[in-house]
Amino acid sequence: MVDVGPVAHGGVCVARHEGRAVFVRHALPGERVRVRVTEGGTEDRFWRGDAVAVLTPSPARVEPPCPWAGPGKCGGCDWQHVLLPAQRSLKAAVVSEQLERLAGIRREVTVEPVPGDDDGLGWRTRVTYAVDAATGRAGLRQHRSHEVVPIDWCRIAHPEVRAARVEEGEWAGAATVEVVAANTGERQILVDGEVVEGRGYVVEEAAGRRWRVSSGGFWQVHPGAAATLTGAVLDGVQARPGETALDLYCGVGLFAGALAPLVGRTGTVVGIEGARQAVADANRNLHDVPWVRLLAGRVDRVLSGTGPAGVPDAVDVVVLDPPREGAKAAVVRQIAARRPRVVAYVACDPAALARDLATFAGLGYRLSGLRAFDLFPMTHHVECVAILHPAN
């Protein structure tokens, strides 16, 4: 039996048992719960566990809309048992805590809903199902486990994903089945990475353009995410005609394409991306914008001059949207060395964001604006757009 303390990064709350920290899923701050330990032994300094009985419930607690959410069940959602506004408050608290603890930045954070998202369900346009080798049935994995939970259907999956009825099929010999539902109405099904329905790519619409995204390529999973993030980035950087902009980890070119009409023909946009297929897609997507130049290579190497040439020594605007582990110090140093007047950092992990902001601060850049968005309702994930300016 434990009294549950504050929320922590990763969809858990912190409790204490005989002096040891216990990271508890399926709980809420202020509750008193009975915990089943799922990881940890007598020699470990912390344990992980599930709240299997709630003796004193939080006012924010609700019955999960999905019967597969709970201890020992599907691990895809962390906060199904929490009212949607309270989920956003929990995420805001995590972002604030990570900023203060890792970057020394004290800031109130509000997590904004995506327009049109009323109940936090039916939004996920890309779902990868795991196949149970013993039964050939597709399902979703338990939290921190390879065990496959057979489900009837995923409550956060987009209706076009659900319409594929993957859970009802038999997939003997396969390991994964992925369904992609583009906002143009296209659908794609891949079995172990091989396309069995649709083309080798889908076309998405955002920021006034159409975007080819090849199989396995990255695109935000919430249907409102691309427009929401692009709007926040453009509002933050206020790009001007004739400026030079960098789009780092540019993927299929979304932010580069959004910046291009703002800097105009007298300006330049350079996009850098490590995935060569994504660069090929970006070149196709932006073939009509000659002042956009796209470079294939690891961002750190290209910026340091050990990759493809073509990055200006001085730039005005930088947009970076790194993978979950963040940009890291070498990339941050290369950005700061080019003395941009503004940096927009799109982050899917608040801890990585905070670490990189601490590096930026040491190089003379301050956090001047921050917006956070609930692009992943029912889960612990949150997307941030941080705006940085030179401290002087």
Met1 side chain reached by Leu55 side chain, heavy atoms, under 4.5 Å: yes
Smallest separation among heavy atoms of Pro340 and Pro390, with atom names: O-CG, 3.7 Å
Side-chain touch Leu121/Pro65, heavy atoms, less than 4.5 angstrom: yes
Stepwise salt bridge (charged side-chain N to carboxylate O under 4.0 Å, His left out) test for Asp316 and Arg341: CA-CA 5 Å; Asp316 303 292; Arg341 66 168 182 82; 5.5 Å; no
Connected via hydrophobic side-chain network under 4.5 Å: Leu254 and Leu295: no
Under 3.5 Å: donor-acceptor pair, side chain of Asn285, backbone of Val252: yes
Distance-minimising heavy-atom pair for Val385 and Ala232: CG2-CB, 4.0 Å
Heavy-atom side-chain contact between His26 and Val33 under 4.5 Å: no
Taking every non-hydrogen atom, the tightest pair across Arg126 and Gln220: NH1-O, 4.2 Å
Pair Trp211, Asp281: side-chain N/O donor-acceptor within cut-off below 3.5 Å: no
Shortest non-hydrogen contact between Val37 and Trp47, atoms and distance: CG2-CE3, 3.5 Å
Side-chain donor or acceptor of Asp78 paired with backbone N/O of His380 under 3.5 Å: yes
Close side-chain approach of Leu303 and Ile272, heavy atoms under 4.5 Å: yes
No-hydrogen, no-angle side-chain donor-acceptor test under 3.5 Å, Ser214 and Gln277: yes
Side-chain donor-acceptor pair present, His9, Asp349, cut-off under 3.5 Å: yes
Expected output: side-chain His81 to main-chain Ala27 donor-acceptor under 3.5 Å: yes
Carboxylate-amine/guanidinium contact Arg199 Glu186, below 4.0 Å: yes
Min side-chain heavy-atom separation Gln188-Glu178 under 4.5 Å: no
Pair Glu160-Thr125, side-chain donor/acceptor within less than 3.5 Å: no
Sub-4.5 Å side-chain heavy-atom contact between Pro377 and Leu84: yes
Cationic N near anionic O, under 4.0 Å, Arg137 to Glu167: no
Polar side chain donor-acceptor pair, Tyr345 to Asp356, under 3.5 angstrom: yes
Within 45° cone of Trp291 ring axis and under 6.0 Å: Arg293 NZ or CZ: no
Electrostatic pair Glu43-Arg20, nearest N-O below 4.0 angstrom: no
Exercise: do Asp374 and His381 side chains pair donor with acceptor under 3.5 Å: no
Passing option when Arg124 is tested against Ile156, Thr379, Val179, Val161 for side-chain contact (heavy atoms from CB on, under 4.5 Å): Ile156
Leu262 vs Leu234, side chain to side chain contact (heavy atoms under 4.5 Å, CB included): CA-CA, chis, key distance, verdict: CA-CA 9 Å; Leu262 300 179; Leu234 296 186; 3.8 Å; yes
Nearest-0.5 Å distance that lies between atom CG in Leu375 and atom CG in Asp117: 9.5 Å
Pairs flagged by side chain to side chain donor-acceptor pair (under 3.5 Å) wherever residues 52-65 is involved - sequence neighbours left out: Glu31-Arg61
Arg339 and Leu363, any side-chain heavy atoms less than 4.5 Å apart: no
Gln142 side chain to Glu147 backbone, donor-acceptor under 3.5 Å: no
Side-chain heavy-atom pair Leu140, Val148 within 4.5 angstrom cut-off: no
Heavy-atom closest pair, residues Val233 and Ala344: CG1-CB, 4.1 Å
Nearest heavy atoms of Val202 and Ala182, plus distance in Å: CB-CB, 3.9 Å
